[in-house]
Chemist: 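First, the structure itself, so that you have it in front of you.
By convention in this document, chain letters (A, B, ...) are assigned in the order of the sequence lines, proteins followed by strands, and residues within each chain are numbered from 1. Fair warning: this is a prediction, and the values are worked out from it, not measured in the lab. All heavy atoms count here, side chains included; hydrogens, waters and symmetry mates do not.
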Number of protein chains: 4
Amino acid sequence: MTAPHRRNAQARQAILRAALDLCQERGYAGLTIEGVAARAGVGKQTIYRWWPSKGAVVLEAFQDALGPSLDVPLEAGDRLGAVGKNTPGSADLLSHPPVGPVRADLVGATQHDPALAEEFRQQVTGPARAGTLARIRAAQEAGQLRPLDPDLIADAFFGPLWFNLLVMRTPPEDPYVERLVDAVLAGVATTPTR
Amino acid sequence: MTAPHRRNAQARQAILRAALDLCQERGYAGLTIEGVAARAGVGKQTIYRWWPSKGAVVLEAFQDALGPSLDVPLEAGDRLGAVGKNTPGSADLLSHPPVGPVRADLVGATQHDPALAEEFRQQVTGPARAGTLARIRAAQEAGQLRPLDPDLIADAFFGPLWFNLLVMRTPPEDPYVERLVDAVLAGVATTPTR
Amino acid sequence: MTAPHRRNAQARQAILRAALDLCQERGYAGLTIEGVAARAGVGKQTIYRWWPSKGAVVLEAFQDALGPSLDVPLEAGDRLGAVGKNTPGSADLLSHPPVGPVRADLVGATQHDPALAEEFRQQVTGPARAGTLARIRAAQEAGQLRPLDPDLIADAFFGPLWFNLLVMRTPPEDPYVERLVDAVLAGVATTPTR
Amino acid sequence: MTAPHRRNAQARQAILRAALDLCQERGYAGLTIEGVAARAGVGKQTIYRWWPSKGAVVLEAFQDALGPSLDVPLEAGDRLGAVGKNTPGSADLLSHPPVGPVRADLVGATQHDPALAEEFRQQVTGPARAGTLARIRAAQEAGQLRPLDPDLIADAFFGPLWFNLLVMRTPPEDPYVERLVDAVLAGVATTPTR
DNA sequence: CTATAATCGAGACGGTACGTCATGTCTTCTT
DNA sequence: AAGAAGACATGACGTACCGTCTCGATTATAG
């Protein structure tokens, strides 16, 4: 007997689209609920009715736009590569529009918005980390990675990428990423990789 | 013939003090120029006259409060430790108030404020990185670290710390940091450390 | 298809009331949009939405307060009196609070605010002058006033009153007004009145 | 002995000049002490040191610019003309730049600035009225004007002019002024003038 | 013919108000 | 019921001037 939420799908799409566009044009901080409503040709109330905050709108827009492109299937053999080879792809997503800057902006915003932070964790960080951990554990079981804390191994791969993106503000490019993977594997792989 | 900018030191101090206090009380996002002016007993114009943005005020307040406590002297012997042992200290600073949250907030703000980003780089990131690189090069010359790109080595140490702070939002604590240093050294040190 | 401007009547009343009160308390120059908003318990934007300037607010408040009290009916017989006897009443209105000072202030403001001047002409000066001219023409047709330019006759009556109010700053009182009317009638009436 | 006021004449001139210019360019309300100081190349304090208010500056600038051009000598014979013929000249001054608009603005400002009003009376209105009264009394002694209150006669001439300037905002032009003088004289002269 | 003190330009200071923007809530009318 | 539209109270924005207050740097008497 749930209330008959007759939500307008067209409006939803228009709002998410407008939010994503404006976020790229003006940055997350320059984005405004009023602006989104105007651009989407929608009443403000329609936004406030369905989303608790501007962060939630942008986050949903971001997820919607990205779709399932983040799901990298866990391949059977070559488990070590499943970790190492996945990294350049992630780096690519991180470094380039439209995903990169928006995602960085969102992470920035989570620093002073606990609600957004929680949602970001649940919808973005959590799932991604779960997949990574699964790959790492598989590689450990196959004897390819040392039996270290899997979270630590994950951090070793992704930490430097995000660090460069957020703090150094030099989105990591290909050659750097390859050398990074090599160096990290040297520390966490069982077989010397050099 | 230079314009005699006779800046009031008392006002400057009051402003920085108020900014830091309010940033801790309400967070960076909840901080307001009007609020700082009111708390400091100062006209708004006095803030706008000397700082280009709220981020710049907080950054200067942050720097002023921190003072020279960031300068960790480069010790002669034990160069490897000079890198490895420095890391837990940095992690501590990162993780705990007042420095940690404010710094995280500031990094967040740089994601959509290029001017602030530039200043942050020049005043915070740059000097810190320079010190780190010096230590790394010294250790390389002493044959303790492999001849990898020093920036990459630095990223391997600091990336995971910042990643946990900013993205995972779990400020790194002691045991984790030690295990991290061990793992990274395994990848970048010349002598097997295990 | 007209835009459904659903203007809040309560807010409008509160604003006009506050404007009139403050204008008397502090004078037109000391009146502030912020002050009106605060006194009326209203957001500033609500004032800026509906009025183009502080002068316009005060003018409307003035008109609203005065209501239709300015309409002096044109009596049938005694047309000469219709002009002459009307004058003391106008002088009274001019000389005493709340109407007098506010009106003088408004006229003062029109000297450097063309938009306000235009509105003042349309809403205050124009209608009043039209009534006066009607009376004068009637008296001329009845042979009581010389066939001079009716505007000139009107100016002869009202000019000295406003001159005393605005320039000499001695609001005209009864005996003066009577002597004035006598003297003017001596110049413009057909029958010697002395 | 008196304090040695060593006042800089150059600065005074520059200030008055700037004040007059800006008053014509932007109107009295748009004129600013800061603006005058900037235009005159003078420190604000130099203005505040010598004048109590912006009105005082403009008034002095106005007087300075006008100089003695207001003194119309009282001619011996033809005393009636001394009153009547003086009027068109005054009307001219009233109606045309630079004197007219600035003077109207000043009178407007006196409506909400008692201090300025007092100074205006002492320096402008008072002397002018004194001269007018002298002419009127002379004409009365010569039997040319009826023995009415001289102030009333003066008001009859000047009131309509100011009324048109300030309230109707149609600066009186020549033909109107002539007809006005005729009509007024008809009321106040001993000899029928028609 | 210096010395000294008021005046000068410049402009920082604590304030008040400006007019604009966005917030999140609300009401009204339309679909 | 949900939507588009937009008025509303609130509060911060960044700017303009206010009138007061130091700063050196002239600059013209009074010693």
Chemist: Would you tell me if any nitrogen or oxygen in the side chain of Trp50(B) comes within less than 4.0 Å of OP1 or OP2 on dG11(E)?
Modeler: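 Looking at the OP1 and OP2 atoms of dG11(E), neither is under 4.0 Å from any side-chain N or O of Trp50(B).
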Chemist: With rounding to the nearest 0.5 Å, note down the distance linking CD in Gln45(D) to CH2 in Trp50(D).
Modeler: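 Going from CD on Gln45(D) over to CH2 on Trp50(D), the span is 11.5 Å.
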Chemist: When you measure from the side chain of Thr32(A) to the backbone N and O of Gly35(A), does any donor-acceptor pair fall under 3.5 Å?
Modeler: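 Checking the backbone N and O of Gly35(A) against the side chain of Thr32(A), no donor-acceptor pair under 3.5 Å is found.
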Chemist: Could you state the atom-to-atom distance from CG of Leu31(A) to P of dC21(E) in whole Å?
Modeler: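 The answer, rounded to whole Å, is 17 Å.
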Chemist: Hey, could you give me the CD1/CD1 distance between Ile15(C) and Ile47(C), rounded to the nearest 0.5 Å?
Modeler: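 Those atoms lie 4.5 Å apart.
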Chemist: When you measure from the side-chain N and O atoms of Thr46(A) to the phosphate of dA4(F), is any distance below 4.0 Å, counting only OP1 and OP2?
Modeler: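 For dA4(F), OP1/OP2 do have a side-chain N/O of Thr46(A) under 4.0 Å.
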Chemist: For Asn8(D) and dA5(E), what is the distance between atoms CG and C1' respectively, to the nearest whole Å?
Modeler: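 Asn8(D) atom CG is separated from dA5(E) atom C1' by 16 Å.
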Chemist: Just to be sure I understand the rule, does Gly35(A) reach a base, reach only the sugar-phosphate, or reach nothing, if contact means heavy atoms closer than 4.0 Å?
Modeler: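 No contact.
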Chemist: Could you list all N or O pairs between the protein and nucleotides 19-21 of chain F that sit under 3.5 Å apart?
Modeler:
{"residue": "dG19(F)", "atom": "OP2", "partner": "Tyr48(D)", "partner atom": "OH", "Å": "2.8"}
{"residue": "dG19(F)", "atom": "N7", "partner": "Lys44(D)", "partner atom": "NZ", "Å": "3.2"}
{"residue": "dG19(F)", "atom": "O6", "partner": "Lys44(D)", "partner atom": "NZ", "Å": "2.6"}
{"residue": "dC21(F)", "atom": "N4", "partner": "Gln45(D)", "partner atom": "NE2", "Å": "2.0"}

Chemist: Which salt bridge (charged side-chain N to carboxylate O under 4.0 Å, His left out) pairs, counting each pair once, include a residue from residues 50-62 of chain C, with sequence neighbours left out?
Modeler: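 As it turns out, the salt bridge (charged side-chain N to carboxylate O under 4.0 Å, His left out) pairs with a partner in residues 50-62 of chain C, which skip direct neighbours, are Arg12(C)-Glu60(C).
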Chemist: Any salt bridge between Arg39(B) and Glu25(B), counting N to O under 4.0 Å?
Modeler: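 The answer is yes: the pair qualifies as a salt bridge.
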Chemist: Can you check the Trp51(B) CH2 to dC13(E) P distance for me, whole Å?
Modeler: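 Nearest whole value for this atom pair: 9 Å.
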Chemist: Any donor and acceptor pair, going by atom type alone, linking the side chain of Gln111(C) with main-chain N or O of Leu166(D) inside 3.5 Å?
Modeler: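 Yes: the side chain of Gln111(C) pairs with the backbone of Leu166(D).
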Chemist: Between C1' on dC26(E) and CD on Gln10(C), what's the gap in Å once rounded to a whole number?
Modeler: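 The distance from CD of Gln10(C) to C1' of dC26(E) comes to 14 Å, rounded to the nearest Å.
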Chemist: Are OP1 or OP2 of dC8(F) and a side-chain N or O of Arg49(C) less than 4.0 angstrom apart?
Modeler: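 Yes, because at least one side-chain N or O of Arg49(C) sits under 4.0 Å from OP1 or OP2 of dC8(F).
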Chemist: With a 4.5 Å cut-off on side-chain heavy atoms, are Val124(A) and Leu59(A) touching?
Modeler: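 Yes, their side chains come closer than 4.5 Å.
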Chemist: Kindly give the heavy-atom pair with the smallest separation between Leu16(B) and Ala61(B), and that separation in Å.
Modeler: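 Leu16(B) and Ala61(B) have their closest heavy atoms at O-CB, 3.5 Å.
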Chemist: Measure CZ/Arg26(D) against C1'/dA16(F) and give the value in whole Å, please.
Modeler: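 One finds 12 Å between C1' of dA16(F) and CZ of Arg26(D), rounded.
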Chemist: When the nearest nucleotide of DNA chain E is assigned to Ala9(D) and to Ala9(B) on a heavy-atom basis, which residue is associated with the more 5' position?
Modeler: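 The residue mapped nearer the 5' terminus is Ala9(D).
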Chemist: Report the distance from atom CZ of Arg6(C) to atom C1' of dC8(F), rounded to the nearest whole Å.
Modeler: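 For the pair Arg6(C) CZ and dC8(F) C1', the rounded distance is 11 Å.
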Chemist: Based on the rotation axes of five pairs at each end, what angle does the helix from dC1(E)-dG31(F) to dT31(E)-dA1(F) bend through, to 10°?
Modeler: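 Answer rounded to 10°: the end axes differ by 10°.
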Chemist: On DNA chain F, does the nearest nucleotide to Ala11(C) precede the nearest nucleotide to Thr32(D) from the 5' side, or the other way round? Give the residue.
Modeler: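 Nearest-nucleotide comparison on DNA chain F picks Ala11(C).
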Chemist: CD of Gln123(C) to CZ of Phe62(C): how many Å apart, nearest 0.5 Å?
Modeler: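 One finds 10.5 Å between CD of Gln123(C) and CZ of Phe62(C).
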Chemist: Tell me: CD1 of Ile47(A) to P of dT25(E), nearest whole Å?
Modeler: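 So the CD1-P distance, Ile47(A) to dT25(E), works out to 13 Å.
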